[in-house]
Engineer: 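This is the structure, below, for whatever I ask next.
Nothing here was measured: the structure is a model prediction, and the numbers come from that model.
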Amino acid sequence: QVQLVESGGGLVQAGGSLRLSCAASGRAFNNYAMVWFRQPPGKEREFVAAISAAGITTQYSNSVKGRATISRDNAENTVYLQINSLKPEDTAVYYCAADRVWYGIFRPNNMDYWGKGTLVTVSS
């Protein structure tokens with residue numbers, strides 16, 4: 001089992017920045033690729049960013065590419081998501097997930113573990 005707890009969400013003005021954290025406990029964190037998803041109000045959960053188990057490879061959705069940075073600290077069992085130049089359309093509940101295998105395609109149904117999410121609200 002891997003337990004994931006997100007933090008860092010909140011209310012921010014458009015153009016601002018946020019750094020989300022996801023703390024993991026349980027089984028070996030560095031065996032898992034870590035993935036951020038988000039779910040805007042009334043919409044389906046969507047992929048945001050992913051980082052491989054060793055932190056060497058990253059992948060971003062087009063919606064955040066150039067504005068977001070995913071990183072991880074395997075010594076601290078934590079993954080981060082920094083998003084800059086926030087837009088109202090970034091408003092969503094942000095979830096981190098652990099994926100035992102890096103397929104390069106990240107779908108919610110393929111994730112092994114989930115956190116409960118943290119709400120990010122971007123005001124215009």
Engineer: Determine, using the 4.5 Å side-chain heavy-atom cutoff (strictly less than), whether V2 and L20 are members of one ILVMFWY cluster.
Structural biologist: yes
Engineer: How long is the span from the CD1 atom in I51 to the OG1 atom in T69, to the nearest 0.5 Å?
Structural biologist: 10.0 Å
Engineer: If every non-hydrogen atom of S52 is compared with every non-hydrogen atom of I56, which pair is closest and at what distance?
Structural biologist: OG-N, 3.1 Å
Engineer: How many angstroms lie between CG in L11 and OG1 in T91, if you round to the nearest 0.5 Å?
Structural biologist: 8.5 Å
Engineer: Enumerate, atom names and distances included, each donor-acceptor pair closer than 3.5 Å involving a side-chain atom of residues 114-123, sequence neighbours excluded.
Structural biologist:
residue : atom : partner : partner atom : Å
T118    : OG1  : G9      : N            : 3.1

Engineer: For V101, what are the other residues in its hydrophobic cluster, where any two members join if their side-chain heavy atoms are less than 4.5 angstrom apart?
Structural biologist: Y103
Engineer: Which value, rounded to the nearest 0.5 Å, describes the distance between W36 atom CH2 and Y94 atom OH?
Structural biologist: 10.0 Å
Engineer: Check Y95 against E6 and note the closest heavy-atom contact, atom names and distance.
Structural biologist: CA-OE2, 3.3 Å
Engineer: What disulfide bond (SG atoms under 2.5 Å apart) pairs are there with at least one residue in residues 12-71, not counting sequence neighbours?
Structural biologist: C22-C96
Engineer: Which residue pairs pass the disulfide bond (SG atoms under 2.5 Å apart) test when at least one of the two sits in residues 32-69, sequence neighbours left out?
Structural biologist: none
Engineer: For K43, check side chain to side chain contact (heavy atoms under 4.5 Å, CB included) against everything at least two apart and list the hits.
Structural biologist: P40
Engineer: Provide the full list of salt bridge (charged side-chain N to carboxylate O under 4.0 Å, His left out) pairs with a residue in residues 96-111, sequence neighbours left out, each pair given once.
Structural biologist: none
Engineer: Only counting residues at least two apart or in another chain, list the ones meeting side chain to side chain donor-acceptor pair (under 3.5 Å) with S61.
Structural biologist: S63
Engineer: Same cluster or not: are V12 and V48 linked, directly or through other Ile, Leu, Val, Met, Phe, Trp or Tyr residues, by side-chain heavy atoms under 4.5 angstrom apart?
Structural biologist: yes
Engineer: Got a sec, which residues hit side chain to side chain contact (heavy atoms under 4.5 Å, CB included) with A50, two or more places apart in sequence or on another chain?
Structural biologist: V35, F47, W102, F106
Engineer: Report the residues that fulfil side chain to side chain contact (heavy atoms under 4.5 Å, CB included) with A98, sequence neighbours left out, ordered by chain and then residue number.
Structural biologist: L4, Y32, M34, Y113
Engineer: Which pairs with one or both residues in residues 25-78 pass disulfide bond (SG atoms under 2.5 Å apart), sequence neighbours excluded?
Structural biologist: none
Engineer: Side-chain atoms of residues 74-90: list all donor-acceptor pairs with protein atoms under 3.5 Å, sequence neighbours left out, distances to 0.1 Å.
Structural biologist:
residue : atom : partner : partner atom : Å
N74     : OD1  : R72     : NE           : 2.7
N74     : OD1  : R72     : NH2          : 3.3
N74     : ND2  : A53     : O            : 3.1
T78     : OG1  : E76     : O            : 2.9
Q82     : NE2  : N84     : OD1          : 3.0
N84     : OD1  : S17     : OG           : 3.0
D90     : OD1  : R38     : NH1          : 2.8
D90     : OD1  : R67     : NH2          : 2.9
D90     : OD2  : R67     : NH1          : 2.8
D90     : OD2  : R67     : NH2          : 3.4
D90     : OD2  : K87     : N            : 2.8

